[in-house]
Student: 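Please see the structure below; I have some questions.
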Amino acid sequence: MTQPPGPRAYHPDDHAALSDICVRTADNGGDSRHLYPDPELMPSIFATPYAYLEPDLTFVIDDGTGRAVGYILGTADTAQFVTAFRKRWLPLVEERFPEPDGPARTPSEEMIALLYNPERMIVPEVAAHPAHLHIDLLPAWQRKGYGRALMRTFLAALRAKGVGAVHLSMLTANTAARAFYDRLGFAEIDVPDPGPVTYLGRSTTPDL
């Protein structure tokens, strides 16, 4: 029996769909399969560790048949997440993705270097926004209100945990994503020398 599409809690059966969504949106919002041959690389950095470490803050858009077509995930406390990432997540993926022993030579090696540097997520200028998030939807499910629905669900979950503010980082070149976040009340956080990314943050209230 089908149901109307909408947000729901993540279930371990969604793992493959979560990874697929991440891969198909990881190149500045587009498909990244031409850049990273291993389909688990980008999810292992930006998606599955959140579902593993904080499943209660992982939500998906269900297409009505049980298939996840978008997600939002994150952490209530970035500093604690970084510690858990290093101690509990890296040991699970280090055999598949060995730590580089020299400068990165390929896009995959650049991403693996990020995998082994979770401390990059600790940015002093965003300390007043202790939570952070990632949100992605397959192209066919964008611009239909599902991103807002996911964000509403995630912010409510953070409020229930007593978390007052959240941040995210996004590629500055992704102007469509920036317009989406602007509509949802995110504002730029000034971070010196942020590289190719922009930091945005907002309160977990009011409701969207």
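Given the structure is predicted, the values throughout are model-derived calculations rather than measurements.
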Student: Within the 4.5 Å heavy-atom criterion, are Q80 and P130 side-chain neighbours or not?
Tutor: no
Student: With rounding to the nearest 0.5 Å, note down the distance linking OG1 in T153 to CG in L57.
Tutor: 11.5 Å
Student: Start with the C-alpha distance between L150 and Y146, add both sets of side-chain angles, then the distance that settles side-chain contact (heavy atoms from CB on, under 4.5 Å), and finish with yes or no.
Tutor: CA-CA 6 Å; L150 282 174; Y146 295 115; 5.7 Å; no
Student: Using the side-chain contact (heavy atoms from CB on, under 4.5 Å) rule, take L208 and L184 through it: C-alpha gap first, then chi angles, then the decisive distance, then the call.
Tutor: CA-CA 7 Å; L208 296 175; L184 296 185; 4.1 Å; yes
Student: I21 and V69: which non-hydrogen atoms are nearest, and at how many Å?
Tutor: CD1-C, 3.5 Å
Student: Within the 4.5 Å heavy-atom criterion, are M151 and F186 side-chain neighbours or not?
Tutor: yes
Student: Any link between I72 and Y199 through a network of hydrophobic side chains (Ile, Leu, Val, Met, Phe, Trp, Tyr) touching at under 4.5 Å?
Tutor: no
Student: Go through T78 and V126 one step at a time and tell me if the side-chain contact (heavy atoms from CB on, under 4.5 Å) criterion holds.
Tutor: CA-CA 10 Å; T78 297; V126 303; over 6 Å; no
Student: So does L35 get a backbone contact from the side chain of S32, meaning a donor-acceptor N/O pair under 3.5 Å?
Tutor: no
Student: Identify, with sequence neighbours excluded, every residue that meets side-chain hydrogen bond (donor to acceptor under 3.5 Å, both in side chains) alongside Q142.
Tutor: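 Q142 satisfies side-chain hydrogen bond (donor to acceptor under 3.5 Å, both in side chains) with no residue once adjacent residues are dropped.
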Student: For a side-chain contact (heavy atoms from CB on, under 4.5 Å) check, start with the C-alpha distance between L137 and K144, then their side-chain angles and the critical distance, and finish with the verdict.
Tutor: CA-CA 10 Å; L137 292 102; K144 296 181 178 179; over 6 Å; no
Student: L200 and I189: same hydrophobic cluster, using ILVMFWY side-chain contacts below 4.5 Å?
Tutor: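 Looking at the clustering, I189 is in a separate group from L200.
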Student: Treating R86 as the side-chain partner and Y116 as the backbone partner, does any N or O pair qualify as donor plus acceptor under 3.5 Å?
Tutor: yes
Student: Return the minimal non-hydrogen interatomic distance between F85 and P118, and the atom names on each side.
Tutor: CD2-CB, 3.6 Å
Student: Please check if the side chain of R159 supplies one atom and the backbone of P206 the other of a donor-acceptor pair under 3.5 Å.
Tutor: no
Student: Would you indicate whether the side-chain heavy atoms of C22 and Y71 approach each other to under 4.5 Å?
Tutor: yes
Student: Measuring from atom OH of Y52 to atom NE2 of H15, what distance do you get when rounded to the nearest 0.5 angstrom?
Tutor: 12.0 Å
Student: Can W141 be reached from I135 by stepping across I, L, V, M, F, W or Y side chains whose heavy atoms are under 4.5 Å apart?
Tutor: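 Cluster IDs for I135 and W141 match.
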Student: Per the side-chain contact (heavy atoms from CB on, under 4.5 Å) rule, which among T106, L41, D38, V93 passes with I112?
Tutor: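 Result: among T106, L41, D38, V93, L41 is the only option passing the side-chain contact (heavy atoms from CB on, under 4.5 Å) with I112.
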Student: With rounding to the nearest 0.5 Å, note down the distance linking OG1 in T58 to NE2 in H11.
Tutor: 13.0 Å
Student: If you measure from CG on D14 to CG on D62, what distance do you get to the nearest 0.5 Å?
Tutor: 7.5 Å
Student: Salt bridge between D20 and R67, side-chain N to carboxylate O under 4.0 Å?
Tutor: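 Here D20 does not pair with R67 in a salt bridge, since their nearest N and O are not under 4.0 Å apart.
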Student: A165 and T204: which non-hydrogen atoms are nearest, and at how many Å?
Tutor: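 In this case the closest contact between A165 and T204 is N-CG2, 3.8 Å.
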Student: Return the minimal non-hydrogen interatomic distance between E109 and P100, and the atom names on each side.
Tutor: O-CG, 4.3 Å
Student: Do L168 and V191 share a hydrophobic cluster, counting only Ile, Leu, Val, Met, Phe, Trp and Tyr and linking them when any side-chain heavy atoms are less than 4.5 Å apart?
Tutor: no
Student: Examine distances only and state if a side-chain atom of S19 and a backbone atom of P43 form a donor-acceptor pair shorter than 3.5 Å.
Tutor: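 Such a contact is absent between S19 side chain and P43 backbone.
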Student: Do the charged groups of D77 and K161 touch, with an N to O distance under 4.0 Å?
Tutor: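 Answer for the salt bridge query: no.
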Student: Quick check against the 3.5 Å criterion: does H167 have a side-chain atom that pairs as donor or acceptor with the backbone of H129?
Tutor: yes
Student: What is the minimum heavy-atom distance between F81 and P49, and which atoms define it?
Tutor: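 Heavy-atom minimum between the residues: CE1-O, 4.2 Å.
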Student: Would you find a donor on one side and an acceptor on the other, under 3.5 Å apart, between the side chain of E54 and the backbone of A76?
Tutor: yes
Student: Does Y36 offer a backbone N or O that forms a donor-acceptor pair with the side chain of S108 under 3.5 Å?
Tutor: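 Between the backbone of Y36 and the side chain of S108 there is no qualifying donor-acceptor contact (under 3.5 Å).
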Student: Using 0.5 Å steps for rounding, measure from the OG atom of S44 to the CZ atom of R96.
Tutor: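 The OG atom of S44 sits 7.0 Å away from the CZ atom of R96.
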Student: Walk me through it: do H132 and Y50 pass the test side chain to side chain donor-acceptor pair (under 3.5 Å)?
Tutor: CA-CA 11 Å; H132 76 257; Y50 296 89; 2.6 Å; yes
Student: Judged by atom type as modelled, is there a donor-acceptor pair below 3.5 Å linking the side chain of W89 to the main-chain atoms of T48?
Tutor: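 Absent.
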Student: Has the side chain of R202 got a donor or acceptor atom that lies under 3.5 Å from a matching backbone atom of G185?
Tutor: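 Not a single qualifying donor-acceptor pair exists.
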Student: To the nearest 0.5 Å, what is the distance between CD1 (I45) and CG (L115)?
Tutor: 5.0 Å
Student: Kindly work out whether a path of hydrophobic side-chain contacts (I/L/V/M/F/W/Y, heavy atoms less than 4.5 Å apart) joins L92 to V82.
Tutor: yes
